[in-house]
Protein chains: 2
Amino acid sequence: MELTLPGLDPTSDRPVFKQIADHLREAIERKDLAPGAKVPSEATLMTHYGVARMTVRSALQLLQGEGLTVAEHGRGVFVRSRPPVRRLASDRFARRHRDRGKAAFIAETEEAGGKPSVDSIQISEADASSDVAKRLGLTTRDKVLVRSRRYLINGHPVETAVSYLPAAIAGGTRIAEPDTGPGGIYARLEEMGYRLDHFDEEIKARMPLREEVKALRLAPGTPVFHLVRTAFAEDGMAVEVCDTVMSSDAYVLSYQLPAR
Amino acid sequence: MELTLPGLDPTSDRPVFKQIADHLREAIERKDLAPGAKVPSEATLMTHYGVARMTVRSALQLLQGEGLTVAEHGRGVFVRSRPPVRRLASDRFARRHRDRGKAAFIAETEEAGGKPSVDSIQISEADASSDVAKRLGLTTRDKVLVRSRRYLINGHPVETAVSYLPAAIAGGTRIAEPDTGPGGIYARLEEMGYRLDHFDEEIKARMPLREEVKALRLAPGTPVFHLVRTAFAEDGMAVEVCDTVMSSDAYVLSYQLPAR
DNA sequence: ATCCCAGACTCGTCTAGAGGAGTCAAGTGC
DNA sequence: GCACTTGACTCCTCTAGACGAGTCTGGGAT
């Protein structure tokens, strides 16, 4: 497969680096540059277009910012190949799944043929932040149990999560242990008599913070989903808030809405 | 408010432009640079840090890519102030809302005190793409009615949407008119006997394509939600697929999941 | 008082270099 | 045969300029 790029249009008032980016972007969209393929090197593009190094780099930077390419130091620039995505169905926390004795993440990942793992588990107790307090119906003077962890598939991190539970409920229970046991937090809550009724999920999309780029090993130009889930017991009380950040190219979220 | 930036750390092996970006990012996070505030000019930063123009620009570019700042040609670089967001509740298509005679978007926006409008309405008939055909249970030889439009709040575009309906159902009806009448597409479908049962929504987050940046007037570093909704009638038939792209900083999506 | 324009200041694009560091493969020496 | 060195190739960081174009303000002409 020979890649041929058009020349520059000197009559256009579109900046040169954008024109170059356009050519490459089109080649990627046409699959002339397939996912994983190597983009022509900076030197090649310089001579092809007869422009300075920085001009070519600006073009490549643009594509990287759009999430279309990744640069690998010493190797080249490559068309990004999207990892297989995980679909999160809206029944993922249904009791029938939980009853099988596995936490939602573990069960789903194995079903999809991946190797799930969890690391960086940290547990502490702290004052509720004002946002968490509001969601849990507490005050900022109330203590909450904070469980943070990172989820990985086949060794690659895809999601970080921090759960907040009223310390009055979860303190001293197995929920405060690193291993929460079969079925995870939600199974423990139900055993303790907090029968779960429903979850509220709030979803934002944004560019990641620096820590998130590191924790999720995100390529430049990858946005994240920021999802805050609140679990409600049957008596209407909020029993958990889970704040998760997910790599957007590892997930498709899926929900069912009633029409009536 | 006087902004004071630290000097460079010559012992650090972190590149200079990243150090400069760090300083500015921290100032923004600390609110020393409040939303809407002007970031020191390139010239100022050059002399403060004693570096070349391109180095300063790289730092600013980084922040822009993170969605933290916007540059305005001739005026300066400013800390981005987020527009008020619209919350999309999971009952937004419930019949009780539709019965009030307004389409979901119009009703919701007015309720929030904004001025909704719709433009760029285009209607055509075409062969179903393979994706749309699959979702609607058709073949690629079947015709679909294609309705595309753009939604604006207070004159600012926030969302583009393209609906696909089987031409066999919607062709020649009011759904094929620019003005679909009170309650919108879904009200017409119900009048025609397709009582709606539920919707499936699939959500991705990604960086926008070039056209999307233009259509939604997106600032650099703003990801989009890409949402595909399929409407199902009570007999289980898919009657509409709606493909929408939304500016991520205009929306928070909100869903309710059952726990049982 | 008003209008217009020049100049200062801003960011945008581009050039033409430099040295650094990671990757890979071919060739060298053992 | 194996380990190591070397060099070519890659992207990364940074310098020091040039010109262009949008914005704003103050001063001069009307």
Side-chain angles (χ1 to χ4, degrees), chain A residues 3 7-24 33 36-66 68-80 210 213 217 219-221, chain B residues 3 7-24 33 36-66 68-80 210 213 217 219-221:
Chain A
L3 174 69
L8 294 174
D9 175 3
T11 70
S12 163
D13 55 355
R14 190 164 174 76
V16 172
F17 77 95
K18 288 191 182 172
Q19 287 188 48
I20 298 176
D22 290 345
H23 296 166
L24 294 171
L33 284 171
K38 187 168 177 308
V39 172
S41 75
E42 294 175 358
T44 309
L45 292 171
M46 276 172 72
T47 58
H48 174 76
Y49 287 109
V51 296
R53 180 90 188 287
M54 287 302 292
T55 307
V56 166
R57 279 186 66 76
S58 299
L60 292 172
Q61 199 113 32
L62 211 54
L63 296 176
Q64 179 155 336
E66 291 169 10
L68 294 177
T69 59
V70 218
E72 292 182 35
H73 192 167
R75 304 212 323 122
V77 175
F78 300 86
V79 178
R80 201 142 124 203
R210 268 226 290 138
V213 170
R217 282 192 238 135
Chain B
L3 174 69
L8 294 174
D9 176 4
T11 69
S12 163
D13 56 353
R14 190 163 174 78
V16 173
F17 77 95
K18 288 190 181 172
Q19 287 189 48
I20 297 176
D22 289 346
H23 295 166
L24 293 171
L33 284 170
K38 188 169 177 306
V39 173
S41 77
E42 294 176 358
T44 309
L45 292 171
M46 277 171 72
T47 57
H48 174 76
Y49 287 110
V51 298
R53 173 107 182 278
M54 288 300 295
T55 306
V56 167
R57 281 185 65 76
S58 299
L60 292 172
Q61 200 113 32
L62 210 56
L63 297 177
Q64 180 154 334
E66 292 169 9
L68 294 177
T69 59
V70 216
E72 292 182 34
H73 191 168
R75 304 214 322 121
V77 175
F78 300 86
V79 178
R80 200 141 126 204
R210 268 226 289 137
V213 170
R217 281 193 238 137

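Every chain is numbered from 1 and lettered A, B, ... according to where its sequence line falls, protein lines coming before strand lines.
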*Verdict with supporting geometry, B:V79 and B:L68, side chain to side chain contact (heavy atoms under 4.5 Å, CB included)*: CA-CA 6 Å; B:V79 178; B:L68 294 177; over 6 Å; no

*Any side-chain heavy-atom pair from B:L8 and B:V16 closer than 4.5 angstrom?*
yes

_Quick check for you: to the nearest 0.5 Å, what is the distance between A:L24 atom CG and A:T69 atom OG1?_
8.5 Å

_salt bridge (Lys or Arg N to Asp or Glu O under 4.0 Å) against B:E42, all qualifying residues, sequence neighbours excluded_ = B:R53, B:R57

*Can you list the residues that meet the ring pair (Phe, Tyr, Trp, His ring centres under 6.0 Å) rule with B:F17, with sequence neighbours excluded?*
none

*asked:* Contact list please: residues 10-17 of chain A against DNA chain D, heavy atoms, distance less than 4.0 Å, in numerical order.
replied: none

*asked:* Can you pull out the residues from residues 69-78 of chain B that lie within a 4.0 Å heavy-atom distance of DNA chain C?
replied: B:A71, B:E72, B:H73, B:G74, B:R75, B:G76, B:V77

*Considering residues at least two apart in sequence or located in another chain, which fulfil the side-chain hydrogen bond (donor to acceptor under 3.5 Å, both in side chains) criterion with A:Q64?*
none

*Using the test salt bridge (Lys or Arg N to Asp or Glu O under 4.0 Å), find all partners of A:R75 that sit at least two apart in sequence or belong to another chain.*
A:E72

*Could you give the distance from NE2 (B:H48) to CG (B:L45), rounded to the nearest 0.5 Å?*
7.5 Å

*asked:* Rounded to the nearest 0.5 Å, what separates atom OG in A:S58 from atom CD in B:Q61?
replied: 7.0 Å

_Residues in side-chain hydrogen bond (donor to acceptor under 3.5 Å, both in side chains) contact with A:R80, at least two apart in sequence or another chain_ = A:T222, A:D249

*Give, for atom CG of A:L33 and atom NE2 of A:H23, the distance between the pair rounded to the nearest 0.5 Å.*
13.0 Å

*Could you list the residues that satisfy side-chain hydrogen bond (donor to acceptor under 3.5 Å, both in side chains) with A:T44, not counting sequence neighbours?*
A:S41

*Under 4.0 Å from any atom of DNA chain C, heavy atoms only: list the residues of residues 47-60 of chain A that qualify, in numerical order.*
A:V51, A:A52, A:R53, A:M54, A:T55

*First and last nucleotide of DNA chain D, 5' to 3', lying under 4.0 Å from heavy atoms of chain A*: D:dT10 to D:dC14

*Give a yes or no on whether B:Q19 atom CD has more than 12 heavy-atom contacts from other residues, nucleotides or ligands under 6.0 Å away.*
yes

_Heavy-atom pair with the smallest gap, counting every atom of A:A219 and A:V70_ = CB-CG1, 4.2 Å

*Identify, with sequence neighbours excluded, every residue that meets salt bridge (Lys or Arg N to Asp or Glu O under 4.0 Å) alongside A:R210.*
B:D22

*Contact interval (first through last nucleotide) of DNA chain C with protein chain B, 4.0 Å heavy-atom*: C:dT10 to C:dC14

